[in-house]
J.: 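Please read through the structure below; I'll follow up with questions.
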Amino acid sequence: MKYVNQPVRKTDAMALVTGKPVYTDDLAPADCLIVKILRSPHANAWVEDIKTGTAEKVAGIACILTYKDVPQKRFTLAGQTSPEMSPDDRLILDRHVRFVGDAVAIIAGETEEAVDKAMKRIRVEYRVEAPVLDMHKAKDNPILVHPEENWKLKIPLGGDNKRNLCATAVEEQGDVDEVLRNCKYTVEETYHTKANQQTMMETFRTACYLDHFGRLVVLSSTQIPFHVRRIVGRALDIPASKVRVIKPRIGGGFGAKQTSVSEIYPAIVTWKTGRPSKMIFSRYESMICSSPRHEMEITVRAGADENGIIRAIDVYTLSNTGAYGEHSSTTVGLSGHKSIALYRHTEAYRFAFDVVYTNKQAAGAYRGYGATQGIFAVESAVNELAHKMGMDPVKIKELNMPVEGGPLPGYHDVPVAQSCTMDRCMARAKEMMDWDSKYPCRDMGNGKVRGVGVAMAMQGSSIAGVDVGGADIKLNEDGSYTLALGCTDMGTGCDTILAQIAADCLDTPMENIVVFSVDTDISPYDSGSYASSTTYTTGVAVMKACEELKKKICELGAQMLETDVDKVDFDGSYVFSTEGEEEKKVSLEDVALKGTFFNNIELQVVKQHSSPISPPPFMVGMAEVEVDTETGNIDVLDYVAVVDCGTPINPNLARVQTEGGIAQGIGMALFEDVQYTDKGKIRNNSFMQYKIPTREDIGKIRVDFESSYEESGPFGAKSIGELVIDTPCPALAEAVYNATGIRVRELPITPEKVAMGILKKKLEK
């Protein structure tokens, strides 16, 4: 291949680094009304009365909307393909506000100053009720987050709003309790991961206007353009055909923009006033009313025989969805399905979960999507089991890890690992880390101790049988190609990767392919950029479209050469005859002109692809930390990652994806924690209080690849986007334990927790 598996520069790199106007706010109409939200100061309250008369008199105010002015049909903001598993529990504005920051009124005006002034003049009378903030007390609590009668769960997932229960289920194979009783070594522990914010550089933002047909055009920084079209239509109670969504460049999403956080507010302003509008979330708003990672508490029981073979795993997950249920049931499922499957000898397993409503900010999708929380728990439990046995954690993983052709227990999308190099990933990681000489720890003689830790991970490649990728490839009259995509490049480089695939399929230079980003009016349908689906699913759609277009080019070329189509071939530049000694050929440019100007033959193909399976990528991560035994301070010195993502279509982009995911995982493990007051108000609502890692905090990150070949993927590729955030939490927890003997089971692993653990250990002696 000329382009696939090559480190090609991103197609939009120069536009981004030179500051071209490519983002939502750059492209919004100049005369937009400014839209802001009056937000609830209470975690659980009812709007008894709201007075807007004085506010409406402020010069420049165009529109103030309350719950009286919006449709009363409930919907979900989750961008998910059918079957929609998230409950319909939202209104644009509701009398019942369910968390501090929930929307009470929408204000739109000519200037930000006018809107801010009007907001201060709105008078709201609340009936304040006690909130339920502790997820352990939420289930069957008399305080109901959603007491309404029109709450609806479209598919049976055990949810019951009158029990504060969004979803609940149990699945099992074999007799877990019996197998555990017969295991020589067992462990039972509970692990707690807190909510984390995605903190992408570009906050949530949307601009809207009406076109000359009276249709609503939504210009938005979103991962899910086609789902936004449906969500906005439902929220405004208008046909989706009246809505057009255009996606510009995105300054990061990480799953946050798989929820339609900002779109409905300017959309209803424009629909009601007929005027362009835009809403730009401040960082403060992005911290208090967006879609952070689900807080989860996971109890793991695991058992192994005397040889270190893990025979049974029992996982129970309690997940906190917050005030609304977006992504609640799908996220929690991955906490078990992506963690239990890491241990191939498992004879019996049980996975149970409860997802509860609380009066906290609603959670949503975040890179790793539940697998991150589950893998932290299961990998930590297995590491603890290894220590009980006196075994190196690397050894227990080598004995039990997925192998090519081996089973993946509890992973229903692919019961057998069809492509897997986890064994090579582990061997390479050991070599890179020099594990045998560093394990478990080294006392540096100055009050600091260095320890190493290890973790495995797997994710998925799209949602099997659900996610859809779409590609539209067209030959232009000058011999160039236009590739229209329905997936969303949010900085990941998927536009570049898909152009690489198309260029090799069509034997043409990459610069000959113009990639067109998403416009729901003209792009092929695509379920969006999430669930690690873009390269794997849309990549195959691109291959299918290119292959069919090549056939069309050959058919027209054969006509021009006055021969049969089975007697010609195409080399990217010419259609040529494959028989006879006399060279007969016609150039691609001549074929293109014939097909467009002279013959009107459709040299355009639209293809979609949905995979019936979701082959997992695999990864091993190893961390080395240095812990100050006096202060508990943790420095990450080195992080080694070895990844099996099938064929890396673009090794450079795969590498930076891995580095970025590891940095986010380090943040989750050591720093990030969305905290609340006893009244339900978020304490850390800016980067002054919410710590994310800087470059100095993440140490040295080294990445390597051990490629497999996945037959169902484009050129053998699998996914990589989510997998790479999954190993830092358990690897770092293990490294800290090996350095200090302190096992921290609740993230983040702060210096205070380590120092107090060391002190407690000394006092016990």
Side-chain angles (χ1 to χ4, degrees), residues 24-25 28-42 45-75 77 90-128 203-210 214-220 232-238 242-243 260-282 284-286 288-289:
T24 299
D25 200 22
D31 57 344
C32 278
L33 294 172
I34 305 300
V35 178
K36 290 194 176 186
I37 303 297
L38 175 67
R39 300 191 178 278
S40 170
H42 306 293
W46 293 79
V47 176
E48 294 285 88
D49 190 27
I50 182 166
K51 293 182 171 63
T52 61
T54 305
E56 288 167 348
K57 294 176 183 176
V58 172
I61 291 300
C63 178
I64 297 180
L65 303 175
T66 71
Y67 69 89
K68 303 171 187 176
D69 307 305
V70 300
Q72 296 299 303
K73 290 174 66 175
R74 295 200 178 270
F75 57 91
L77 293 179
R90 287 264 191 183
L91 295 175
I92 298 174
L93 297 169
D94 201 333
R95 275 193 65 214
H96 188 184
V97 287
R98 297 173 174 84
F99 70 98
V100 176
D102 210 351
V104 175
I106 304 170
I107 306 99
E110 307 284 351
T111 64
E112 188 170 0
E113 291 76 15
V115 172
D116 288 342
K117 188 175 182 181
M119 189 180 295
K120 293 175 183 176
R121 296 188 179 186
I122 297 174
R123 294 293 175 259
V124 186
E125 182 183 329
Y126 295 99
R127 184 177 83 243
V128 180
T203 61
F204 303 95
R205 49 197 59 200
T206 301
C208 298
Y209 59 91
L210 296 181
R215 295 174 70 226
L216 179 65
V217 180
V218 180
L219 179 72
S220 192
V232 168
R234 286 183 181 173
L236 274 59
D237 199 16
I238 61 176
K242 295 279 188 183
V243 183
S260 182
V261 172
S262 61
E263 288 85 1
I264 57 175
Y265 304 112
I268 196 165
V269 166
T270 293
W271 191 250
K272 283 184 171 289
T273 66
R275 298 183 58 182
S277 67
K278 70 176 180 180
M279 184 173 187
I280 308 295
F281 270 49
S282 64
Y284 170 78
E285 286 180 294
S286 292
I288 69 158
C289 50

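Just the heavy atoms: all of them, side chains too, but no hydrogens, waters or symmetry mates, feed the values below. Residue numbers start at 1 and run along the sequence shown.
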J.: Check the pair L38, M119 against side-chain contact (heavy atoms from CB on, under 4.5 Å), reporting the backbone distance first and the verdict last.
T.: CA-CA 6 Å; L38 175 67; M119 189 180 295; 3.7 Å; yes
J.: So, taking the atom named CG in D31 and the one named CG in L33, what distance separates them when rounded to the nearest 0.5 Å?
T.: 8.0 Å
J.: May I ask you to test the K117-T111 pair for a side-chain heavy-atom distance under 4.5 Å?
T.: no
J.: With no hydrogens and no angle check, is any side-chain donor or acceptor of R90 less than 3.5 Å from a backbone partner on F75?
T.: no
J.: Looking at E285 and R39, does any basic side-chain N land under 4.0 Å from a carboxylate oxygen?
T.: yes
J.: So which heavy atom on V58 is nearest to which on A114, and how close?
T.: CG1-O, 3.8 Å
J.: Provide the closest heavy-atom pair for V115 versus A108 in the form atom of the first, atom of the second, distance.
T.: CG2-C, 4.0 Å
J.: Quick one: CD1 on I64 to CD1 on I106, what's the gap to the nearest 0.5 Å?
T.: 11.0 Å
J.: Can you tell if the side chain of I107 reaches within under 4.5 Å of the side chain of I61, non-hydrogen atoms only?
T.: yes
J.: Quick check: does any side chain N or O of D116 sit under 3.5 Å from a backbone N or O of E113, one acting as donor and the other as acceptor?
T.: no
J.: Does a salt bridge link K51 with E125, judged by any charged N lying under 4.0 Å from a carboxylate O?
T.: no
J.: Among T206, T24, D25, find the residue that satisfies the side chain to side chain donor-acceptor pair (under 3.5 Å) test when tested with K278.
T.: D25
J.: State whether the side chain of T52 and the backbone N or O of A55 hold a donor-acceptor pair below 3.5 Å, judged by distance alone.
T.: no
J.: Can you list the steps and then say if C289 with F99 is a side-chain contact (heavy atoms from CB on, under 4.5 Å)?
T.: CA-CA 9 Å; C289 50; F99 70 98; 4.0 Å; yes
J.: To the nearest 0.5 Å, what is the distance between OH on Y284 and OG1 on T203?
T.: 15.0 Å
J.: Measure the CG-CD distance between D94 and Q72 for me, rounded to the nearest 0.5 Å.
T.: 7.0 Å
J.: Using every non-hydrogen atom in the two residues, find where G274 and L210 come nearest and quote the distance to one decimal.
T.: CA-CD1, 3.6 Å
J.: Please determine whether side-chain contact (heavy atoms from CB on, under 4.5 Å) holds for the pair C208 and W271, giving the CA-CA distance in whole Å, both sets of side-chain angles, and the decisive distance to 0.1 Å.
T.: CA-CA 9 Å; C208 298; W271 191 250; over 6 Å; no
J.: If you compare all heavy atoms of A28 against all heavy atoms of L219, which two are closest, and at what distance to 0.1 Å?
T.: N-CD2, 4.0 Å
J.: Find out whether I34 and E110 are in side-chain contact, i.e. whether some heavy atom of one side chain is under 4.5 Å from a heavy atom of the other.
T.: no
J.: Would a distance-only check, ignoring hydrogens and angles, find a side-chain to backbone donor-acceptor pair under 3.5 Å from T270 to R275?
T.: yes
J.: Heavy atoms only: give me the nearest L93-A105 pair and the separation to one decimal.
T.: CD2-N, 3.9 Å
J.: Over all heavy atoms of both residues, which pair between P71 and L91 is shortest? Give the atoms and the distance, please.
T.: O-CD2, 4.0 Å
J.: Which value, rounded to the nearest 0.5 Å, describes the distance between W46 atom CH2 and S40 atom OG?
T.: 12.5 Å
J.: Could you tell me the separation between the CZ atom of R95 and the OG1 atom of T66, rounded to the nearest 0.5 Å?
T.: 11.0 Å
J.: Going by the side chain to side chain contact (heavy atoms under 4.5 Å, CB included) test, name the single residue among P266, C32, S220 that passes it with M279.
T.: P266
J.: Between V243 and L236, is a side-chain contact (heavy atoms from CB on, under 4.5 Å) present by the stated rule, with each step listed?
T.: CA-CA 10 Å; V243 183; L236 274 59; over 6 Å; no
